[in-house]
Amino acid sequence: MRWSNLLIPTLKETPQDAEIISHQLMLRAGLIRRLGSGLYTYLPLGYKALRKVEAIVREEMNRAGAQEILMPAMHPREIWDRSGRYESLKNVMFRVKDRQDREMVLGPTHEEIVTDLVSREITSYKQLPCNFYQIQTKFRDEIRPRFGLMRCKEFIMKDAYSFDVSSEAADESYKKMYDAYVRIFKRCGLHAMAVEADTGDMGGSSSHEFMIPCDAGEDAILEADDGSYAANLERAEGICDLSNEFPGADAALKKVATPNVGKIEDVAKLLKIEPRQLVKTLIYVADEKPVAVLLPGDRDVNEIKLHKLLPGAELADPEVIRQVTGADVGFAGPVGLTIPMIADRSLKGLRGGVVGGNETGVHLLNFDLERDSELRNFEDIAFPKVGDLAPNGKGRLTEKRGVEVGHVFKLGTKYTEALGANFLDEHGKSHPAVMGCYGIGVSRTLQAVIEQSNDKFGIIWPVSVAPFEVLITVLSPKDEACMRHAEEIREFLEEKGLDVLVDDREERPGFKFKDADLLGLPLRVTIGERGLAKGEIEIKERSEKDFEAVSVEEAAEKAYERILKMRELL
RNA sequence: CGGAGAGUAACUCAGUCUGGUAGAGUGCCUGCUUUGGGAGCAGGACGUCGCAGGUUCGAAUCCUGUCUCUCCGACCA
């Protein structure tokens, strides 16, 4: 392919509305253009790279035994009512009406659709296990799209759905997909890590997210420093093994005036203690009844965990808090409270703590949890903190950020029951199939590759997903010999199955080199009159600083060898 | 939805406070020169100043409304 025949609108200046490096580079290298918030056009180069990612995904899905299908992007509302997710995903789904006023939605995901299909077509255990996947555009009404392809209203996703006769068999399917994901991301040149994750609205028993660690990531990951544990912050557990005995442990409870300081930080400052010594007492309302939730002053409630114990619990209004504690917000404490109480397990054995006095402007010193309160209900309800022990007791937690590129779920029978996807076993008995679902954000993965592989000059594509493997930079396209050699090398490499881009533009060399670095194609072959006079052509890898001068005759072969070598490393 | 900011040339932005003929750099087109890391000179094209009202002799500029975009937050498989 010749550069002059492709739309590759490179930009010297960084577009203003791009915050992270991968987004900037996608715009500058002419891969994408924005239509509106969270809506992007893939230009020729971007689309070519996207399809390389798709091809890898497809190959690995097929290899794992999944069957490719394509489902509608637009669905009748009714099918979403059947699973109850029309309500729970109401804020996420785009809703449209056809001319007969029938309600339709643009699919944010396809569990219901595939399960409906399976309910009709899969009727016997002999047809199981099976796994269907598609690569398709998904629509989600993201409240805040951002970072280019990272969070869009419309994006490309590979979603696969497995159906099995039993939960043991489903575990097998899950494992297959998990392993396929490891291979997919590796082949894309990504360093992905699998972390334990919460299943959220999807439901189901367990899940793993595949994360690409990078500072621009939107998710927080906690990882044990010995690598033995990793989880999404939402899901992570930690064990706080710091001492819970503070100065004053043996002294009697004592009131102290803390006028106008209801916030943990302010109280700590006033009393000259660490926030950790304080007890944070929050009043929640669950099932219309108040509940006190207690945790160390330096920790926050993880409402996902809390909701597993108290479904639907919400922070109480100031009015309720006054009724329950007899004090303004900020002075609640466990002493004398008559409502049910739950404490985070890290509070166990607390002595010498400081708690709210249930009286405006008053705190209590020398609090001994066993001695001074009825509190015996300990649970894991807080976000862990860096430095906690991992739940396996090995290693301490560290925090990093990551981009979620894949997510695998064990769904159980939530959808198959709701949509009647039953099969008959060998005894003629009917069971709902056991389901799993597996997503990969294909467009997001593409951007993650760039986020993870670039330098100050531009993108550095891994050979597996580069829009072209080789760029032939012709410094003097007007020179007949230069172009002839370029075309010969292109033909040779294309016959080997490589994608080759020939920069045949009438531009100064420096200009073309800058563009070449920006585009970041893995191998550059440079042909100039100066080199040809010596019988030489240069080949240079994007990831390396120096070029190698090779003879005109062996240039094509050498270039091919380099690409083969790069491929071996993935 | 709450808070903050921005909409002026294809891109990056000045001009708005203090109303008076629409600006710069980059890019684009033409020509000449140049040719190994985003060249130089000369000439040229490109604008309903987001949109709609209002005030005024006169509005990019002041007022009102509205739309869009970005950032922070809330939300989110």
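All chains are named by letter (A, B, ...) in the order of the sequence lines, taking the proteins before the strands, and each is independently numbered beginning at 1. Every heavy atom of this structure was used, including side-chain atoms; hydrogens, water molecules and symmetry mates were not.
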State whether [X] places a side-chain N or O below 4.0 Å from either non-bridging phosphate oxygen (OP1 or OP2) of [N].
X: S37(A); N: U70(B); value: yes
X: R144(A); N: C76(B); value: no
X: R28(A); N: C11(B); value: no
X: Q16(A); N: C11(B); value: no

Indicate the atoms forming the closest heavy-atom contact of L518(A) with L11(A), along with that distance.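 Distance-wise, the nearest heavy atoms are CD2-O, 3.9 Å.
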Of the nucleotides [options], which one has an atom closest to the side chain of [X]?
X: I143(A); options: C1(B), G37(B), G36(B); answer: C1(B)
X: R508(A); options: G36(B), A39(B), U70(B); answer: A39(B)
X: E19(A); options: C71(B), C1(B), G37(B); answer: C71(B)
X: R146(A); options: C71(B), U12(B), C1(B); answer: C71(B)
X: R34(A); options: C69(B), G27(B), G37(B); answer: C69(B)
X: E13(A); options: G38(B), U70(B), G25(B); answer: G25(B)

Should the side chain of E538(A) and the base of G36(B) be counted as holding a donor-acceptor pair, with the cut-off at 3.5 Å?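 Check passes, donor-acceptor contact within cut-off.
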Integer angstrom distance from the [atom1] of [N] to that of [M]:
N: A6(B); M: A74(B); atom1: P; result: 24 Å
N: U56(B); M: A10(B); atom1: C1'; result: 35 Å
N: C49(B); M: C62(B); atom1: C1'; result: 15 Å
N: A22(B); M: C46(B); atom1: P; result: 15 Å
N: G3(B); M: A39(B); atom1: C1'; result: 48 Å

Answer with base, sugar-phosphate or nothing: what part of the nucleic acid does M93(A) contact at a heavy-atom distance below 4.0 Å?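 Result for M93(A) = nothing.
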Using a heavy-atom cut-off of 4.0 Å across all strands, would you classify P9(A) as base, sugar-phosphate, or nothing?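 Nothing: the residue P9(A), judged by heavy atoms under 4.0 Å, touches no strand.
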Between A39(B) (P) and L475(A) (CG): distance, integer Å: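 To the nearest whole Å, that distance equals 14 Å.
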Calculate the interatomic distance between Q24(A) atom CD and C71(B) atom P; express it in whole Å.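 One finds 12 Å between P of C71(B) and CD of Q24(A), rounded.
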Select from R85(A) and P145(A) the residue whose nearest nucleotide in RNA chain B is closer to the 5' end of that strand.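 Looking at RNA chain B, the more 5' nearest nucleotide goes with P145(A).
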Cationic N near anionic O, under 4.0 Å, E196(A) to R235(A):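 The answer is yes: the pair qualifies as a salt bridge.
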Does C49(B) pair with anything, Watson-Crick or G-U wobble, both distances under 3.5 Å, and if so, with which nucleotide?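 Per the H-bond distance test, none.
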